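The structure under discussion appears below in the form of structure tokens.
The structure displayed is predicted, hence computed values, not measured ones. As a basis for the values below, the full set of heavy atoms in this structure was taken, side chains included, without hydrogen atoms, waters or symmetry mates. Below, chains carry the letters A, B, ... as their sequence lines are ordered, and counting in each starts from 1.
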There are 2 protein chains.
Amino acid sequence: MNSNGDGMTQARETGTLGKLMVLLDLVTHAAAPLRFTDILALAGQPRGTLHRQLSHLVEEGLLELDGDGRYAPGLRLLDFAARSWARNEFRMIAEPHLADLQQATGETVHLGVLRGSSIIYLDKVEGRQPVRMYSQIGNASPCYCTGVGKAALSLLPPDRLADLLAGLSFTRFTASTHGSAETLLAEIREIADQGYAFDREEHEAGIRCVAAPVWSEDRTFIGGISITGPAYRLSMELLREWAVPVQLAAGRIMEGMRIRLGPRR
Amino acid sequence: MNSNGDGMTQARETGTLGKLMVLLDLVTHAAAPLRFTDILALAGQPRGTLHRQLSHLVEEGLLELDGDGRYAPGLRLLDFAARSWARNEFRMIAEPHLADLQQATGETVHLGVLRGSSIIYLDKVEGRQPVRMYSQIGNASPCYCTGVGKAALSLLPPDRLADLLAGLSFTRFTASTHGSAETLLAEIREIADQGYAFDREEHEAGIRCVAAPVWSEDRTFIGGISITGPAYRLSMELLREWAVPVQLAAGRIMEGMRIRLGPRR
DNA sequence: AAATTAAGTTCCACATAATGGAACAAAATA
DNA sequence: TATTTTGTTCCATTATGTGGAACTTAATTT
């Protein structure tokens with residue numbers, strides 16, 4: 001039973017691939033490399049079956065087995081991801097606009113898209129410091145407590161939104177995290193009206209952001225961009241001012257998509 | 001444990017997973033998103049079979065199908081990779097030492113490991129500029145024309161080295177790229193003696209590096225660290241001087257592994 | 001607009017690959 | 001040494017993937 005709270009796995013768990021992906025998820029979500037027996041307990045598969053499944057994953061480089069018999073995520077995943085990221089058109093088009101926004105505000109800018117009920121961050125532009133790469137990029141965060149997430153939700157048609165909300169389990173990360181679908185839905189309606197969203201320290205205490213929705217024409221990407229920073233530097237008043245440049249940048253990204261990809265037939 | 005003598009566990013291309021991985025490789029390696037028919041030609045599978053295979057990959061989020069029927073790498077790969085990277089012990093231990101080396105030299109520092117006959121870069125520390133993330137990290141480069149690659153090869157026992165060299169095809173990226181196993185082998189012997197390797201513009205014209213080998217005790221990670229930069233700034237003389245700090249940093253990383261992970265049983 | 005071709009999807013008898021219980025082997029622990 | 005725990009192999013059974021063909025839809029040509 002897949003009990004991960006992020007709900008991003010709407011994939012079927014039957015079929016050879018499905019079962020293997022559950023295992024891969026299990027191992028990559030673990031805090032530390034797992035022993036065979038640990039996985040056995042978590043996966044609830046017969047010993048023989050599990051052993052073969054893991055062997056296959058190791059053979060393909062999706063998992064790695066160290067000298068102590070501990071299974072860790074395989075580095076082949078990095079290679080796949082690097083290409084997935086480098087060639088992503090949405091990200092490429094957004095890139096210069098993210099940089100502009102970073103320059104204009106001096107704060108960190110994110111680009112994220114909705115996948116299942118998670119936001120996956122596609123890019124991050126920070127100011128000064130030698131950034132720890134991969135940090136944030138690729139990370140999946142809940143949609144109900146991030147600026148980008150709520151901006152994305154405001155783009156969904158009512159029925160899809162309802163379906164998604166029904167499947168959420170609300171983990172309270174801070175005192176201001178939404179605790180129910182009702183309050184969240186109310187805020188999403190508001191966001192749909194005004195065209196921008198805030199994160200009022202809902203995911204991480206002391207961190208705020210303003211976000212605007214972004215989408216591709218074929219709706220393959222539904223997500224948003226945001227300016228994020230520490231609460232002591234980003235008053236709610238300042239964030240309200242920044243709603244304008246964020247929305248403008250979002251608009252420019254979407255225009256870039258139209259030009260680049262041509263009109264829909 | 002995997003008891004095959006050849007050491008280098010190359011992925012088999014049979015079995016459900018194996019076939020799917022071939023497809024995933026195909027799509028992620030393509031310069032642009034592929035249509036069904038393009039993949040059909042490349043994969044040489046029957047139409048029905050291919051269609052179902054692709055559907056499964058899409059269902060699992062490993063591929064994505066846009067509105068135009070083009071298949072692109074799925075963003076779920078990013079999520080997997082982000083965790084794979086963030087939790088990698090080798091990388092975590094090496095991190096501060098890479099930063100020190102970057103500080104000391106002012107040039108870019110890389111950490112890479114050998115997987116098959118490729119070097120996969122696990123980390124990169126640059127100076128100033130807002131680094132384009134993922135750039136380099138996760139990328140797979142040939143072992144025979146990179147400093148880290150040749151340093152890694154110098155760690156292999158003769159038989160494994162011979163096997164690996166036998167399987168290589170030498171693409172000449174620049175005028176100084178090794179063109180045969182013979183000259184490469186000679187240099188690797190030299191590297192094994194002196195404990196450091198150079199890249200004399202062998203992968204990219206105008207780019208040089210010094211590298212030193214690094215390995216984990218259980219040999220799960222065989223790789224190296226390097227200082228890389230433009231040839232006009234990094235004379236061969238300067239690189240020879242830097243061989244010392246690179247080797248020292250490599251030593252500290254390996255010491256860190258011993259302390260962190262404890263002595264081997 | 002109709003005809004023609006190509007592209008993409010579904011179906012189902014068949015073959016292959018995964019399953020899982022049990023036996024076996026190897027470490028760890030008593 | 002005996003005993004338990006952990007990891008690996010085996011093989012009859014069965015679930016799953018296979019692939020040719022029929023079918024549907026979209027694009028191109030006449």
Looking only at side-chain N and O atoms, does [X] come under 4.0 Å of OP1 or OP2 in [N]?
{"X": "K19(A)", "N": "dA15(D)", "answer": "no"}
{"X": "T16(B)", "N": "dG17(D)", "answer": "no"}
{"X": "T49(B)", "N": "dG19(D)", "answer": "yes"}
{"X": "H51(B)", "N": "dG8(C)", "answer": "no"}
{"X": "R52(A)", "N": "dT19(C)", "answer": "yes"}

Rounded interatomic separation in angstrom, taking CG from L54(A) and P from dG7(D):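 In whole Å, dG7(D) P lies 11 Å from L54(A) CG.
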Atom pair distance, as rounded to whole Å: CG in L20(A) and C1' in dG17(D):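 Result: 13 Å.
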R52(A) and E59(A): CA distance, side-chain angles, deciding distance, salt bridge (charged side-chain N to carboxylate O under 4.0 Å, His left out) verdict: CA-CA 10 Å; R52(A) 184 180 26 73; E59(A) 268 183 278; over 6 Å; no
Angle by which the axis turns from one end of the helix from dA1(C)-dT30(D) to dA30(C)-dT1(D) to the other, five pairs per end, to 10 degrees: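 Answer rounded to 10°: the end axes differ by 40°.
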Atom of A152(B), atom of I222(B) and distance for their closest heavy-atom approach: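 Shortest heavy-atom contact: O-CG2, 3.7 Å.
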Nearest atoms (heavy-atom pairs only) where G67(A) meets D218(B):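 Looking at all heavy atoms of both residues, the closest pair is N-OD2, 3.1 Å.
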Stepwise salt bridge (charged side-chain N to carboxylate O under 4.0 Å, His left out) test for D193(B) and R189(B): CA-CA 6 Å; D193(B) 280 351; R189(B) 292 223 180 86; over 6 Å; no
Pairing of E64(B) and R70(B) as salt bridge, 4.0 angstrom limit: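 No, no charged N to carboxylate O under 4.0 Å.
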R76(B)/D25(A) ion pair, N-O < 4.0 Å: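 A salt bridge links R76(B) with D25(A).
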Distance, nearest 0.5 Å, that separates CG of L78(A) from CH2 of W85(B):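 Going from the CG atom of L78(A) to the CH2 atom of W85(B) covers 9.5 Å.
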Rounded distance [0.5 Å steps], NE2 in H97(A) versus CG in D123(A):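 If we round to the nearest 0.5 Å, H97(A):NE2 and D123(A):CG are 12.5 Å apart.
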DNA chain C-proximal residues of residues 28-45 of chain B, any heavy atom under 4.0 Å: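 Close to the strand are R35(B), F36(B), T37(B).
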